[in-house]
Structure formats: structure tokens, C-alpha cells
Amino acid sequence: MTERLEAHFFRHAYARLVASFVRRIGPRHLESVEDAVQSALLVAVQTWPRQSLPNDPMAWLYRVAQRQLASELRRAARHGELAAKHLLDDEDTPDVDVGSLSGDFREELLRMLFVCCDDAIPVESQLVLALKTLCGFGVSEIAERLFMTEANVYKRLERARHRLHDMPLADIERTPAQQSARLPSVHAVLYTLFSEGHLSSHAEGAIRRELCDDAVRLATMLAEHPIGATPAGFALVAVMYLHRARLSARQDGSGGLLLLEEQDRARFDPDDIAAGLTWLARAAQGSTISRYHAEAGIAAEHCLARTFAETRFDRIVDYYELLERLAPSALHTLNRAVALAELRGPEEALSILAGLEPPSWLAGSYQWSAVLSDLHRRTGRVDEAHRCREAALSSAPSDVIRETLARRLR
């Protein structure tokens with residue numbers, strides 16, 4: 001019965017099979033591959049509950065999808081030679097022990113990850129393509145998780161597929177030098193995927209753990225492979241584990257967000273903290289340092305502090321200064337000011353922000369106004385605090401965020 005399968009089996013099976021077939025026949029046939037795999041999954045959902053579960057469900061799905069894909073390619077006369085070359089007729093195809101090919105599937109998933117992060121694909125399309133092909137989400141699920149319309153998802157997928165249609169099969173096999181050059185883009189997509197689950201910019205559903213889990217799974221797989229075994233890759237995995245450790249403590253029973261000082265630290269996940277610290281230790285080996293090192297250091301300090309008052313904000317301020325040098329951003333300066341207010345008081349934090357000219361996207365955001373409101377309130381500037389508070393509440397992207405701000409800025 002299908003209930004014996006582990007959670008998310010069909011989503012992960014979809015990703016593994018798509019990656020395997022794209023590896024064999026090329027990314028230009030991605031749509032045909034996706035249709036064949038989806039058809040195999042549908043057959044499984046319809047038949048497995050009435051029958052005994054196959055001994056090797058992945059092998060079963062692989063064979064059904066293979067037949068469907070071969071049939072579809074043979075129907076198109078111009079693809080006849082391709083079908084004969086890459087997808088043998090059923091009677092000529094040996095049984096496939098998919099379980100024994102788990103290592104190969106990891107290789108193929110990573111190849112597909114690098115394909116999704118092709119420089120010619122717009123960044124926003126890279127994320128949608130990764131969610132579709134590597135995480136197994138449908139269009140409606142992607143639209144729900146990224147808070148966009150299904151039509152918008154289709155448009156981004158089409159842009160990505162248009163690029164892939166012109167990509168030769170040989171381009172999937174990249175030299176180590178080519179893969180290393182693309183690693184920063186791959187890391188950025190995985191980081192964005194995790195961020196969308198950890199705290200979405202459209203946070204009606206502020207935390208979505210399944211996105212975080214998929215990002216951790218893919219980032220760990222990459223970091224455990226020789227091509228991704230870099231200090232930056234290790235640090236990225238550390239960031240994810242250390243942030244995921246606090247997910248359960250960040251929401252109350254009704255789904256509302258809890259401030260850091262309100263969180264029950266007994267609910268932090270000790271296994272995720274241990275894993276994050278292990279990866280951070282690995283990231284420290286070597287002479288290179290990345291923005292992910294600084295972010296992992298900040299996350300580690302929050303995880304290790306027994307109480308909010310015992311947080312080592314001096315180290316957090318140092319990490320934010322490092323982060324500003326490695327990846328300059330007004331948002332990092334804003335966060336450093338927040339930490340500095342806890343360390344040395346709100347006046348010094350305000351002096352930093354007074355000399356900062358924030359970009360329009362930050363100046364009009366609820367984060368900027370909320371920080372200023374809190375700092376002015378703590379220094380006794382009541383009128384300015386109220387003005388900034390109203391600006392923060394009016395620009396909050398959701399009721400969840402607005403309620404959290406109202407509580408924090410009372």
C-alpha cells in the first residue's frame with residue numbers, strides 16, 4: 001500500500017526520474033520527460049492502493065515512465081532515431097535495479113541542479129525551474145509557495161524551457177572548471193529556496209518547512225559531492241541547519257510569529273544545531289571565507305545562547321561587519337544596528353543609520369521603519385517612534401507580520 005512509502009516519496013521520485021531521463025536525452029526534451037514521469041506517477045497512485053506495493057517502487061516507476069517516453073518520442077517522426085538510440089524498445093531493455101543506482105541518481109540530480117542554474121536563465125526562472133524539476137512541486141504548488149499566479153509560474157517556466165531547448169546534450173557534462181564557475185549561482189538559488197521557506201518576502205504563510213527541507217537536502221547533497229565540497233558550500237549548509245533548528249520556536253500555537261526574545265529555546269532542535277555546528281567547523285577549514293560563513297556565525301550565536309539576554313551580541317556585531325565587507329548591503333547595516341542597540345544602546349545604533357542612505361526598496365519596507373520606530377522609542381523620541389511605527393504597520397506584507405510588529409512596537 002502507498003501508505004508504506006515515506007513522506008514526499010512521489011515528489012522526490014519525480015525529481016530523480018526527471019533528472020535521469022534529461023541526462024539521457026537532453027534538456028531540450030524536458031517537457032516530454034515531465035509528461036512521461038507525471039503519467040507514471042498517476043498510474044502508480046491509481047493502481048498501487050489496489051495491489052501490493054512493488055518490491056522496488058522506483059524501478060517500477062522508471063520502467064513505466066521509460067515506456068511512455070519512448071512511445072511519445074517514436075510518435076514524432078523526427079525523434080525516431082533519438083528514441084532508438086537512447087530509449088530501447090521494451091523487449092530489448094534490461095530490468096533496471098533503480099535502488100542500486102542511488103549514487104547515479106545523486107549525480108544526475110546535481111547535474112540537473114547545475115542545468116537549472118544556467119546563467120542564461122533569469123534568476124526568478126531558475127528558482128521556479130528548480131522547484132518544478134528538483135523538488136517535484138506542481139505549478140499550483142509553486143504558485144502557492146511563491147505567492148504568484150499560476151500564469152506567472154507558467155511564464156517563468158517557459159522562459160527557462162526556451163533556454164533549455166537550445167542546450168545541447170553535451171552541455172550537461174561540464175568540466176570541473178565550468179562547474180566551479182557556476183557554484184556561486186547554484187548556492188544563490190539554494191539560499192533563495194531556503195529563504196522562501198524560512199521567512200518569505202510574501203509571508204502570508206511565514207514559514208513553510210517543506211521548502212527549507214528541500215533546500216537542506218539539495219545543499220547537503222551538493223556539499224557531500226567533490227565538486228561542491230568547498231568552504232562556501234559547507235557554510236551554506238551550516239546556515240540552513242542552524243536556521244531550521246529554530247523553526248518550531250518561531251511560531252506560536254496559532255501560527256503567529258514570535259520575536260527572538262519570546263521564543264522558547266527548549267524547542268530549538270538539538271540535532272539540527274549539532275549538524276549546523278559540524279558543517280560550520282568543516283567550513284572553517286581552508287583559506288577562503290564567504291558571506292555564508294558570517295551568516296552561519298550569526299545563526300550559531302543565536303542557537304547557542306541560553307537566553308536572549310546572554311546572547312553574545314559583540315560577536316554578532318563583528319559578524320555583521322564582516323558580512324557587510326563580503327556582501328555589501330544596506331540590509332546588513334540595518335541588522336548590525338539592531339545588534340549594536342542590544343550591545344551598546346539605541347543611540348549608537350541610530351548614529352549608524354543616520355549616516356546611511358538606504359535604497360528605495362529598503363527605505364519603503366516595513367523592516368526599515370520598524371527598526372527606526374523601536375530605536376526612537378527606546379531613546380524617548382515618542383513622536384518619531386509613532387510616525388515610523390505607523391509606516392511599518394502600513395507597509396507590512398501580511399497580517400502575521402503586522403501583528404508581530406504591533407506587539408513589538410507597542
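Quick note: numbers below take in every heavy atom, side chains included, and nothing from hydrogens, waters or symmetry partners.
Residue Glu295 holds its CD atom at 6.5 Å from NE2 of His243, rounded to the nearest 0.5 Å. In this structure, Leu322 CG and Leu326 CG are separated by 4.5 Å, a value rounded to the nearest 0.5 Å. The structure places CG of Leu109 at 9.5 Å from CE of Met112, a figure rounded to the nearest 0.5 Å. Rounded to the nearest 0.5 angstrom, Thr333 OG1 and Leu362 CG are separated by 9.0 Å. Considering OG1 of Thr192 and CG of Leu211, their distance stands at 12.0 Å, rounded to 0.5 Å. Rounded to the nearest 0.5 angstrom, Leu164 CG and Arg161 CZ are separated by 9.0 Å.
The residues Glu34 and Lys132 are annotated as salt-bridged, a charged nitrogen and a carboxylate oxygen being separated by less than 4.0 angstrom. Classification of Glu262 and Arg267 as a salt-bridged pair fails, no side-chain N sitting under 4.0 Å from a carboxylate O. Under the 4.0 Å criterion applied to side-chain N and carboxylate O atoms, Arg244 and Asp269 are not assigned as salt-bridge partners. Salt-bridge formation is not detected for the pair Glu158/Lys155: no Lys NZ or Arg NE/NH1/NH2 atom is positioned less than 4.0 Å from an Asp or Glu carboxylate oxygen. Ionic pairing of Asp213 and Arg217 is not present here: no N-O contact between side-chain nitrogen and carboxylate oxygen is shorter than 4.0 angstrom.
Counted within 6.0 Å of CD on Glu310, heavy atoms from surrounding residues, nucleotides or ligands total more than 12; the atom is thus considered enclosed. The environment of Asp383 atom CG is sparse: at most 12 non-hydrogen atoms of other residues, nucleotides or ligands sit within 6.0 angstrom. Counting heavy atoms of neighbouring residues, nucleotides and ligands inside a 6.0 Å radius, atom CG of Asp264 exceeds 12 of them.
Inter-residue side-chain proximity for Ile25 and Leu73 is flagged as met; some heavy-atom pair is nearer than 4.5 Å. For the pair Val317/Arg336, a side-chain contact is recorded, criterion being any heavy-atom separation below 4.5 Å from C-beta on. Contact of the Arg11 side chain with the Cys135 side chain is registered, since non-hydrogen atoms from C-beta on lie closer than 4.5 Å. Within the 4.5 Å cutoff, side-chain heavy atoms of Cys116 are placed close to those of Leu134. When side chains are defined from C-beta on, His386 does not count as touching His376, because their heavy atoms never get closer than 4.5 Å. Residues His332 and Tyr319 have side chains not in contact (no heavy-atom distance under 4.5 Å, counting atoms from C-beta outward). Side-chain contact between Met58 and Phe9: present, with at least one pair of heavy atoms (C-beta onward) separated by less than 4.5 Å. Leu350 has its side chain within reach of Leu372: a pair of non-hydrogen atoms, C-beta onward, lies under 4.5 Å apart.
Without hydrogens or angle criteria, Ser373 side chain to Ala370 main chain gives no donor-acceptor distance under 3.5 Å. At least one donor-acceptor pair under 3.5 Å links the side chain of Arg402 to the backbone N or O of Ala396. The backbone N or O of Ala305 lies less than 3.5 Å from a partner atom in the side chain of Arg265, making a donor-acceptor pair. When atom types are taken as modelled, the side chain of Ser20 and the backbone of Arg16 share no donor-acceptor pair closer than 3.5 angstrom. In terms of modelled atom types and a separation under 3.5 Å, the side chain of Glu348 and the main chain of Gly345 share no donor-acceptor contact. Judged purely by atom type and a 3.5 angstrom limit, Thr311 uses its side chain to pair as donor or acceptor with the backbone of Phe308. With Gln126 contributing its side chain and Asp118 its backbone, the two residues share a donor-acceptor pair below 3.5 Å. Panel note: side chain Arg291, backbone Leu323; no donor-acceptor pair is recorded below 3.5 Å. Counting only distance, with no hydrogens or angles, the side chain of Arg50 and the backbone of Gln46 share a donor-acceptor pair below 3.5 Å. Proximity of a side-chain donor or acceptor of Arg377 to a complementary backbone N or O of Ala385 within less than 3.5 Å is not detected.
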Go through Met240 and Leu236 one step at a time and tell me if the side chain to side chain contact (heavy atoms under 4.5 Å, CB included) criterion holds.
CA-CA 6 Å; Met240 293 181 180; Leu236 175 59; 3.9 Å; yes

Determine whether Ile298 and His302 satisfy the following criterion, side chain to side chain contact (heavy atoms under 4.5 Å, CB included), listing intermediate values before the conclusion.
CA-CA 7 Å; Ile298 295 167; His302 287 306; 3.9 Å; yes

Trace of the side chain to side chain contact (heavy atoms under 4.5 Å, CB included) decision for Met221 with Leu110:
CA-CA 8 Å; Met221 187 185 304; Leu110 290 179; 4.2 Å; yes

Show your working on side chain to side chain contact (heavy atoms under 4.5 Å, CB included) between Arg246 and Cys303 and close with a plain yes or no.
CA-CA 7 Å; Arg246 296 195 292 117; Cys303 284; 4.0 Å; yes

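Both cation-pi conditions hold for Arg282 and Phe234: the charged atom is under 6.0 angstrom from the six-membered ring centre and inside a 45 degree cone around its axis.
Residues that satisfy the ring pair (Phe, Tyr, Trp, His ring centres under 6.0 Å) test with Tyr191, not counting sequence neighbours, are Tyr292. Residues passing the salt bridge (Lys or Arg N to Asp or Glu O under 4.0 Å) test with Arg315 are Glu301, sequence neighbours excluded. Contacts of Ser290 classified as side-chain hydrogen bond (donor to acceptor under 3.5 Å, both in side chains), with partners at least two apart in sequence or in another chain: His293.
For the pairing with Thr220, the side-chain contact (heavy atoms from CB on, under 4.5 Å) check across Leu218, Leu222, Val216 returns one residue only, Val216.
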